[in-house]
Amino acid sequence: MLQKPRGTRDFLPDEMESRREVEGMMRKVARTWGYREICTPEFEELELFTIRSGEGIIQEMYVFEDKGGRKMALRPELTAPVLRMYVNEGRTLQKPLRWYYFADCFRYERPQKGRYRQFWQFGVELIGADSPIAEAEVIMLAHEALSSSGISFSLHVGHLSFMRVLLQELEPDEQKRARMFLDKKDTAGLEDYLSSRDHSGLSDRLIALAGCRDLKEACAITGDNPDRKRIEDLFTILDQSGICYTLNPGIARGLDYYTGMVFEAFAENLGAENQVLGGGTYRLAHLFGGEDTPSCGFAIGFDRVMVARGDKGTAGGVVIGLAFTPEGRGWALTVAREFRRAGICISFDLSGRSIGQQISHISRTADFALIIGARERDEQVVTLKDLRSGMQKELTLSNALCEVRGADPR
RNA sequence: GCCAGGGUGGGGUAGUUGGUUAUCCUAGGGGACUGUGGAUCCCCCGACCCGGGUUCGAGUCUCGGCCCUGGCCCCA
């Protein structure tokens with residue numbers, strides 16, 4: 001038997017329905033903030049992704065050569081394609097641009113809980129705005145979009161300039177090593193490394209900063225910071241916004257293209273891959289041939305959100321099965337048409353067996369059985385049986401519609 | 001790329017020191033029963049992840065691979 005490719009998933013209707021429900025809530029949130037949906041190609045020129053991240057990421061991407069000999073890649077993320085799109089066709093649009101996307105991405109990685117080779121991201125990009133209020137907007141929108149999914153999460157907001165100020169006395173490769181130690185919370189390793197490099201005074205301050213959760217404290221640790229005013233503005237707005245967040249100056253991540261504010265969200269019961277959202281302020285447009293444009297955005301790991309939600313069922317609508325005899329078929333077709341026009345889900349029993357057998361089959365999945373035979377046809381009525389109570393009534397079509405509309409699905 | 005634990009019908013399972021036709025439950029399909037039913041009875045469908053080795057004989061032992069689950073690494 002053929003199997004699906006490693007790291008991919010099939011979705012049965014139940015799961016698909018709940019995915020669409022969550023997706024719909026996120027879309028709705030984005031729309032109410034004035035963000036509009038865009039779509040970019042599933043594959044791009046490989047260079048689009050290596051230009052920023054280097055050749056190293058090729059081994060983690062689906063890369064192929066097309067029939068014209070071009071090096072292509074399935075998109076591993078959306079930010080670069082969106083900014084490429086902005087440079088190609090968004091430059092003359094009025095700024096700022098508020099865009100969102102819901103799209104699948106591909107990465108060639110070892111699958112595990114919450115990590116798949118094909119996965120979906122919901123994200124937004126705010127292009128052409130450069131202010132604390134713009135950054136705050138993106139954070140607030142992220143918070144609302146994630147909240148709408150119903151999961152519980154913690155939101156961490158930081159700013160790269162804290163770390164940058166402390167690290168500026170180090171060489172670039174030393175900075176990288178120091179960040180690595182901080183990421184792993186290896187304080188002893190960091191201390192050893194920095195004292196071996198004649199920066200022994202630095203490790204205490206770095207460790208204090210990474211653990212710091214208070215703005216005044218963070219500013220005290222870092223001292224002179226050219227971005228201080230702006231950072232204070234940002235956090236003042238966030239405090240006014242009413243969202244719940246944690247200041248975390250230690251967020252460094254491996255993202256070299258972020259320029260200032262960075263933020264992340266983590267969900268519970270997700271195992272090792274518990275980050276469900278990442279975002280920040282960045283500048284990418286100039287890499288793709290555009291003007292240097294300030295941008296801010298985030299991406300939600302949609303599949304991880306779904307894992308974190310667990311098996312929450314979705315409330316579907318009422319479902320009706322239609323049992324009919326050959327004599328009643330014409331009338332049954334008319335009745336079904338009217339139910340569908342009213343937006344109610346109704347399916348014929350396709351077996352052509354006896355009414356009893358049809359109902360027996362229907363009763364396993366539906367809320368109501370509608371029975372139509374010669375008798376109903378002659379009187380232009382329907383027999384509606386509530387399968388939960390066992391009660392049944394002979395009703396006119398419009399009365400049957402009313403009856404069903406007022407009912408709750410099982 | 002590394003580590004651990006796994007892989008028997010669609011799902012869940014039994015399978016003895018290696019020994020007939022691989023167990024049971026469930027789901028699915030069909031029939032008995034031609035207008036009141038989710039029942040009952042009967043039937044059907046359908047599996048040892050793949051390949052090599054040991055053996056008279058492998059679901060069982062062994063090696064390699066694939067895949068799954070979790071962790072490490074990475075995380076644009």
Side-chain angles (χ1 to χ4, degrees), chain A residues 1-10 12 44 46 48-61 73-83 105-117 119 121 123 180 183-184 251-258 262 264 266 269-280 282 284 287 297-299 301 304 307 321 323-328 332 349-377 382-394 410:
Chain A
M1 192 162 45
L2 282 170
Q3 292 180 329
K4 63 184 180 299
R6 182 163 160 77
T8 63
R9 290 153 298 157
D10 294 319
L12 286 165
E44 297 268 3
L46 173 61
L48 175 64
F49 303 109
T50 56
I51 210 168
R52 178 189 73 210
S53 312
E55 304 282 314
I57 55 158
I58 291 179
Q59 58 176 332
E60 284 159 31
M61 286 198 288
L74 298 184
R75 60 183 174 207
E77 51 110 21
L78 268 293
T79 302
V82 170
L83 268 289
C105 309
F106 303 84
R107 295 184 192 177
Y108 195 87
E109 293 183 294
R110 184 85 163 76
Q112 56 186 270
K113 188 175 189 179
R115 176 192 282 186
Y116 309 98
R117 289 183 171 178
F119 59 98
Q121 286 194 337
M180 214 179 66
D183 263 2
K184 289 182 181 165
I251 298 177
R253 306 187 67 196
L255 321 177
D256 297 327
Y257 68 90
Y258 282 122
V262 286
E264 304 177 328
F266 301 90
N269 61 45
L270 258 186
E273 303 288 331
N274 66 340
Q275 188 182 337
V276 290
L277 176 147
Y282 61 89
L284 276 180
L287 289 178
F298 68 82
R304 292 182 188 175
V307 174
F324 63 100
T325 64
E327 302 79 48
D349 184 279
L350 304 174
S351 68
R353 289 175 294 192
S354 74
I355 290 289
Q357 286 171 306
Q358 291 186 49
I359 292 169
S360 159
H361 192 251
I362 287 166
S363 59
R364 298 167 83 161
T365 51
D367 305 297
F368 291 91
L370 207 56
I371 300 151
I372 295 178
R375 219 160 53 223
E376 285 82 2
R377 175 200 58 189
V382 301
T383 299
L384 180 70
K385 184 179 183 67
D386 186 327
L387 291 166
R388 290 152 308 179
S389 65
M391 303 289 287
Q392 76 176 47
K393 302 176 194 169
E394 233 172 61
R410 62 163 140 194

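Sequence lines set the chain letters: A, B, ... in the order given, protein chains first and strands last, and positions in each chain run from 1.
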Out of [options], which nucleotide sits closest to the side chain of [X]?
X: A/Q357; options: B/C33, B/U69, B/G35; result: B/C33
X: A/I371; options: B/C75, B/G35, B/G71; result: B/G35
X: A/Q392; options: B/C75, B/U36, B/A4; result: B/U36
X: A/R115; options: B/C68, B/C75, B/G29; result: B/C75
X: A/S354; options: B/G35, B/U34, B/C72; result: B/U34
X: A/R353; options: B/C72, B/C75, B/G30; result: B/G30

Could you pull out the closest heavy-atom pair between A/E77 and A/Q121, with the gap in Å?
->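 What the structure gives for the nearest pair is CA-OE1, 4.2 Å.
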Heavy-atom pair of closest approach, residues A/E376 and A/G373 |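 Shortest heavy-atom separation between A/E376 and A/G373 comes out as OE1-N, 2.8 Å.
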Using a strict cut-off of less than 4.0 Å between a Lys/Arg side-chain nitrogen and an Asp/Glu carboxylate oxygen, indicate whether A/R377 and A/E327 qualify as a salt bridge.
-> no
Select base, sugar-phosphate, or nothing to describe what [X] touches, counting heavy atoms under 4.0 Å on all strands.
X: A/Q358; value: nothing
X: A/E77; value: sugar-phosphate
X: A/E109; value: base
X: A/E376; value: base
X: A/A374; value: base
X: A/G7; value: sugar-phosphate
X: A/G356; value: sugar-phosphate

Euclidean distance for [atom1], [N] against [M] (whole angstrom):
N: B/G30; M: B/G59; atom1: P; result: 34 Å
N: B/U69; M: B/G12; atom1: P; result: 13 Å
N: B/A22; M: B/G9; atom1: C1'; result: 11 Å
N: B/G52; M: B/C66; atom1: C1'; result: 14 Å
N: B/C63; M: B/U23; atom1: C1'; result: 30 Å
N: B/A4; M: B/C73; atom1: C1'; result: 15 Å
N: B/G65; M: B/G19; atom1: C1'; result: 29 Å
N: B/U34; M: B/C48; atom1: P; result: 40 Å

Value in whole Å for how far the [atom2] atom of [N] lies from [atom1] of [X]:
X: A/R375; N: B/G35; atom1: CZ; atom2: C1'; answer: 6 Å
X: A/H361; N: B/G31; atom1: NE2; atom2: P; answer: 11 Å
X: A/E273; N: B/C73; atom1: CD; atom2: C1'; answer: 10 Å
X: A/I58; N: B/C75; atom1: CD1; atom2: C1'; answer: 17 Å
X: A/F119; N: B/C75; atom1: CZ; atom2: C1'; answer: 9 Å
X: A/F298; N: B/C75; atom1: CZ; atom2: P; answer: 22 Å
X: A/L384; N: B/U36; atom1: CG; atom2: P; answer: 17 Å
X: A/R52; N: B/C75; atom1: CZ; atom2: P; answer: 12 Å

Measuring from atom [atom1] of [X] to atom [atom2] of [Y], what distance do you get when rounded to the nearest 0.5 angstrom?
X: A/R107; Y: A/E60; atom1: CZ; atom2: CD; value: 8.5 Å
X: A/M61; Y: A/L46; atom1: CE; atom2: CG; value: 5.0 Å
X: A/L350; Y: A/Q358; atom1: CG; atom2: CD; value: 9.0 Å

Classify the side chain of A/E327 versus the base of B/G35 as yes if they form a donor-acceptor pair under 3.5 Å and no if they do not.
-> no
Residues A/R117, A/R9; criterion side chain to side chain contact (heavy atoms under 4.5 Å, CB included); working and verdict = CA-CA 9 Å; A/R117 289 183 171 178; A/R9 290 153 298 157; over 6 Å; no
For [N], what is the paired nucleotide under Watson-Crick or G-U wobble rules, both distances under 3.5 Å?
N: B/U40; value: B/A32
N: B/C56; value: B/G19
N: B/C72; value: B/G1

Trace of the side chain to side chain contact (heavy atoms under 4.5 Å, CB included) decision for A/Q275 with A/F266 | CA-CA 4 Å; A/Q275 188 182 337; A/F266 301 90; 3.9 Å; yes
Phosphate oxygens OP1/OP2 of B/A27: is one of them under 4.0 Å from a side-chain N or O of A/R364?
->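 For A/R364, the contact criterion (side-chain N or O under 4.0 Å from OP1 or OP2 of B/A27) is not met.
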Taking for A/T8 and for A/F106 the nucleotide of RNA chain B with the nearest heavy atom, the one nearer the 5' end belongs to A/T8
